[in-house]
Enquirer: 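Below you'll find the structure I mean.
Chain naming here is simple, since letters A, B, ... match the order of the sequence lines and numbering starts at 1 in each.
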There are 2 protein chains.
Amino acid sequence: MRARLTASRERIIDAALGILAEHGYAGCSVAAVAARAEVATGSVYRHFPTKADLFAEVFRTASRREVDAVTRAAAAEDTAAARVRAVIETFAGRALRAPRLAYALLAEPVDPAVEAQRLVFRRAHATLLAGYIADGVAGGELPPQNPELTSTAVVGALAEAMVGPLAAGVAGPDTVDGLITFIHRALGVPS
Amino acid sequence: MRARLTASRERIIDAALGILAEHGYAGCSVAAVAARAEVATGSVYRHFPTKADLFAEVFRTASRREVDAVTRAAAAEDTAAARVRAVIETFAGRALRAPRLAYALLAEPVDPAVEAQRLVFRRAHATLLAGYIADGVAGGELPPQNPELTSTAVVGALAEAMVGPLAAGVAGPDTVDGLITFIHRALGVPS
DNA sequence: GCAAGAATTGAATCATCATTCATTTCTTGA
DNA sequence: TCAAGAAATGAATGATGATTCAATTCTTGC
């Protein structure tokens, strides 16, 4: 009973994610989400007070997924340089494999209320990176720097370099390699 | 006569820019723009077929201004490193002096049609930088790299590092110096 | 000074969707 | 099996704000 409730809540979030990944935020009317989740429009409001609340959660879910993947990849490495490389490869690889979703998470125009979640998403990546960078600095692997600032700049560089290719649908492996070089240099990884 | 026409077109664009700079895109209803330009709502449509067309032009105008300022600053320098530094300082300085406008140009949610202009804006900066970077590479000042990619990454890093402070309203000069170091390293400027 | 036509006005229209709610359909406990 | 209450339905409502257009006000050439 309570299970059915939870299940349809899940289904709504999944449906929203699905539409987001296929047609972007623009395709995400409440009616469309409800239809895909096989519930009535009004039922969405039994679970979420507001469309913005629904999508805040959707963005949170999607973000967590992305950040988890990146975190997992980085955890397998043991130097700051390798971790940063893993972050870039994972982030870019996933973005290129699911371009529409990546574009929605990174750059597509959304409600201001949802925009806030996007900042959280970017910030989560930055915070993760900041940790690795701080470790690298502390361990002498990287030169002194403000990890808050440099991690933010890295996330910006990554996102910007992705959005173009995402739109164009193209993306050579050169792009990823180029980014790794760029970011390693930026952080002062010794060559 | 034709002059009056041109003049009121100008006034509409200026009004839109003014509201954009004061209240962001969110404050830019056609009615508000018309009121500020001291014309009737309907008159806006004598000059622009659509709100999106109006704001495409507004964004284009604002972009040109920003890119011109940056170009002028860079032109006064003669090494790739100094030019890039000038770009960063000018870009950041202007953004911090007009935070609301910078946020609107860089990150605020806008109509998809206007979003396209934002990409043009970012691309214009990137193209400018790409030229300096290519020169630097050609002249041996910078190591080999793909100027398209690295300039894009630089713009992303700059923008991302600005948006946070813009929202927070804060921005130490440390931020700008940190960015210069980061980007110089990223491009391989010898220290 | 005046008529024809252009330009301007701003209130009414239209479109889009998020949100609501009276009605119907389930679930459950006795 | 049934009644009470919970959950679900989806058509109607409401808000927002871009766009239109009939009415009015200017210009201009005669």
Side-chain angles (χ1 to χ4, degrees), chain A residues 1-20 22-59 104 108-118, chain B residues 1-20 22-59 104 108-118:
Chain A
M1 220 334 56
R2 183 163 236 98
R4 185 179 289 288
L5 258 280
T6 316
S8 79
R9 187 189 158 93
E10 286 298 298
R11 256 209 334 291
I12 290 167
I13 292 177
D14 283 356
L17 253 169
I19 297 179
L20 199 62
E22 280 171 26
H23 308 291
Y25 189 74
C28 290
S29 69
V30 173
V33 171
R36 177 148 174 160
E38 296 181 318
V39 296
T41 313
S43 302
V44 170
Y45 289 84
R46 181 156 312 282
H47 299 283
F48 304 93
T50 253
K51 184 188 182 183
D53 288 281
L54 163 58
F55 276 88
E57 176 135 359
V58 169
F59 268 62
E108 189 177 9
V110 296
D111 279 32
V114 179
E115 179 75 13
Q117 276 306 313
R118 177 136 73 205
Chain B
M1 221 334 58
R2 181 162 237 97
R4 182 179 293 288
L5 258 279
T6 316
S8 79
R9 186 188 158 93
E10 286 297 297
R11 252 203 345 285
I12 289 167
I13 291 177
D14 283 356
L17 253 169
I19 297 180
L20 200 62
E22 280 170 26
H23 308 289
Y25 189 73
C28 290
S29 69
V30 174
V33 170
R36 178 150 174 160
E38 296 181 317
V39 297
T41 312
S43 303
V44 170
Y45 289 84
R46 181 154 312 282
H47 300 283
F48 304 94
T50 252
K51 185 190 180 181
D53 288 282
L54 162 58
F55 276 89
E57 176 135 1
V58 168
F59 268 61
E108 189 177 7
V110 297
D111 278 31
V114 178
E115 179 75 14
Q117 278 305 314
R118 176 136 76 204

Enquirer: Tell me whether A:Glu38 at atom CD has more than 12 heavy atoms from other residues, nucleotides or ligands lying less than 6.0 Å away.
Expert: no

Enquirer: So if I define the base as every atom that isn't primed, P, OP1 or OP2, how would nucleotides 9-18 of chain D read as a B/S/- string at a heavy-atom cutoff under 4.0 Å?
Expert: BB-------S

Enquirer: Got a donor-acceptor contact below 3.5 angstrom from the B:Ser29 side chain to the B:Ala32 backbone?
Expert: yes

Enquirer: How many angstroms lie between CZ in B:Arg9 and CD in B:Glu57, if you round to the nearest 0.5 Å?
Expert: 4.0 Å

Enquirer: Just the rounded figure in Å: distance from P of D:dA7 to CD1 of A:Ile12.
Expert: 14 Å

Enquirer: What N/O pairs connect the protein and nucleotides 22-29 of chain D at under 3.5 Å? Give each pair on its own line.
Expert:
{"from": "D:dT27", "atom 1": "OP1", "to": "B:Arg4", "atom 2": "NH2", "distance (Å)": "3.4"}

Enquirer: Go through it in stages, so that I can follow the logic: the residues are B:Phe48 and B:Val30, the test is side-chain contact (heavy atoms from CB on, under 4.5 Å), and I'd like the CA-CA distance, side-chain angles, deciding distance and then a yes or no.
Expert: CA-CA 11 Å; B:Phe48 304 94; B:Val30 174; over 6 Å; no

Enquirer: Taking side-chain contact (heavy atoms from CB on, under 4.5 Å) as the criterion, tell me which of A:Glu115, A:Arg118, A:Glu108 meets it with B:Pro109.
Expert: A:Glu115

Enquirer: Quick one: pull up CG in B:Leu20 and CD1 in B:Ile13 and give me the separation to the nearest 0.5 Å.
Expert: 12.5 Å

Enquirer: Please give, in whole Å, the distance from C:dT27 P to A:Leu5 CG?
Expert: 12 Å

Enquirer: Show your reasoning for whether side-chain contact (heavy atoms from CB on, under 4.5 Å) applies to A:Tyr25 and A:Val58.
Expert: CA-CA 11 Å; A:Tyr25 189 74; A:Val58 169; over 6 Å; no

Enquirer: To the nearest 0.5 Å, tell me how far A:Asp14 CG sits from A:Ser8 OG.
Expert: 11.5 Å

Enquirer: Write down the distance between NE2 (A:His47) and P (D:dA7), rounded to a whole number of angstrom.
Expert: 9 Å

Enquirer: Round to the nearest Å and state the distance from A:Phe55 atom CZ to C:dT19 atom P.
Expert: 11 Å

